[in-house]
**Q** 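Sharing a structure below in structure tokens format, with a few things to ask.
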Amino acid sequence: MTQKTDKAALSRRQILGGTAATIGGMAVAPLAGATDPNPLNLPPNVPEWTPYLGVGVDATPYGVPSEHESHVIRRNVEWLTASAESSVNFTPIQDLDGTITPNGLCFERHHGGVPEVIPADYRLMINGLVDRELIFTIDDLKRFPQVNRFHFLECAANGGMEWRGAQLNGCQYTFGMVHNVQYSGVLLSDICREAGVKPSAKWVLAEGGDSAGMNRSVPIEKILDDCMIAYSMNGEALRPEQGYPARLVVPGWEGNMWIKWIRRLEFGDEPYMAREETSKYTDLMEDGKARMFTWVMEAKSVVTSPSPEKHIMSKGQNLLKGLAWSGRGKIRRVDVSIDGGLNWQTAKIHGPILGKSLTRFTMPFKWNGEELKVQSRAMDETGYVQPTIEALQKERGVKSIYHNNSIATWLVKSTGEVENVRLG
Ligand code: CO
């Protein structure tokens with residue numbers, strides 16, 4: 001606690017002197033400590049935090065969540081963590097509302113730790129099949145026309161541990177390698193115009209400034225369509241772990257391609273066959289061959305409450321909440337089942353419904369202690385429908401880690417507790 005709060009607590013005790021006091025004609029109970037559950041302090045009585053001056057404006061120059069929200073944090077899975085510098089953690093999507101992920105809760109995936117890039121020394125190089133090879137500072141980038149766009153970023157391995165069966169008991173651990181923020185930055189099509197891309201340029205190698213030298217090949221059509229160099233997220237500078245001071249944004253495509261701390265774009269006439277698109281981020285099929293360049297994150301949805309972390313606490317009326325997204329565009333519809341997929345109801349979709357961005361859905365339901373098997377199924381504007389795990393396994397086997405966008409099942413038990421299960 002801050003010194004200020006201690007002083008405030010002391011002054012309360014001095015004022016009250018351990019006896020009942022009257023504030024504005026209403027009796028208030030004596031204070032016995034901040035955690036006193038004394039119901040006399042609850043409405044219709046005046047709660048203890050009301051009659052006294054609170055903490056002043058200079059207490060936290062950069063605001064932080066209430067200490068009572070300290071459980072809402074990124075978490076990792078120990079056995080998925082080889083080392084902290086080459087690791088992943090997960091967004092606590094079960095604790096969030098709306099569609100925007102707060103910057104401090106966006107999941108992280110690093111291949112060589114977070115570099116400490118000095119913004120004044122940052123440079124973005126453009127080379128290869130261009131008329132003018134260029135080097136931009138961060139201020140140069142900020143002089144281009146700005147776009148502000150909401151997009152989800154999902155790791156290709158989100159849900160990757162669930163291919164063979166239910167494994168991780170948590171909404172955060174099975175769906176939390178996704179986040180959704182508003183990016184501010186420059187369209188790559190504008191940068192390409194400045195550099196003068198030659199007609200023979202078909203691919204771009206995007207390269208990061210981290211110690212892993214993370215790089216991926218991106219086809220020129222995607223670069224010119226909607227890719228961005230972003231320098232802000234949710235209105236403030238990118239967080240260091242999200243690529244400060246600039247990152248590549250590849251809307252709707254797997255997160256591994258969104259090169260952070262981006263230092264170079266090389267234009268070439270063929271894919272670069274980088275490590276992260278040959279040895280990794282390919283999808284092993286049953287016959288031993290692997291799918292390569294599987295970029296789009298197909299339509300997916302998840303019920304965030306109830307979920308393994310969000311038990312049902314009360315009988316009667318409840319509210320189911322969830323998130324849906326598609327790398328191909330907007331979410332058109334989300335259906336929810338509470339009986340393991342036998343019957344489906346269409347959930348309410350909340351606006352704004354944006355392309356390649358998280359979309360919120362809710363559905364009221366009544367619960368009287370019966371067992372539920374909760375599922376959600378998203379459909380996007382192309383008509384694509386989120387598949388069952390059985391359909392996905394039939395098509396792609398069970399050897400893959402990546403691109404599992406299947407329907408999950410949460411089992412609600414008679415106690416209201418919830419478990420990640422596999423039906424059948
Ligand atoms: Co892929």
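We count ligands from 1, going down the list as the structure has it; atoms in each ligand are counted the same way. Note that this is a predicted model, so its numbers are computed, not measured. Just so you know, these numbers use all the heavy atoms, side chains as well, and skip hydrogens, waters and symmetry mates.
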**Q** Could I get the full list of side chain to side chain contact (heavy atoms under 4.5 Å, CB included) partners for Thr91, not counting sequence neighbours?
**A**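 For Thr91 the side chain to side chain contact (heavy atoms under 4.5 Å, CB included) partners, ignoring immediate neighbours, are Ile93, Leu96, Thr101, Phe107, His179.
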**Q** Hey, does the Lys NZ or Arg CZ of Arg247 hover above the aromatic six-ring of Trp261, less than 6.0 Å from the centre and inside 45° of the axis?
**A**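 Because its charged atom misses either the 6.0 Å distance or the 45° angle limit, Arg247 does not stack over Trp261.
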**Q** Have a look around the Co ion (ligand 1) and list protein N/O/S atoms under 2.8 Å, or say none.
**A** Glu254 OE1, Thr294 O, Thr294 OG1, His403 NE2
**Q** What pairs meet the side-chain hydrogen bond (donor to acceptor under 3.5 Å, both in side chains) rule with one or both residues in residues 318-327, with sequence neighbours excluded?
**A** Asp97-Lys321, Glu154-Trp325, Ser326-Asp380
**Q** If you count every heavy atom of other residues, nucleotides or ligands that lies below 6.0 Å from Arg328 atom CZ, does the total exceed 12?
**A** no
**Q** Check the angle between the aromatic planes of Phe136 and Phe144 and answer parallel, tilted or perpendicular using the 30° and 60° thresholds.
**A** perpendicular
**Q** Applying salt bridge (charged side-chain N to carboxylate O under 4.0 Å, His left out), name anything that partners Lys356, two or more places apart in sequence or on another chain.
**A**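 Partners of Lys356 under the salt bridge (charged side-chain N to carboxylate O under 4.0 Å, His left out) test: Asp226.
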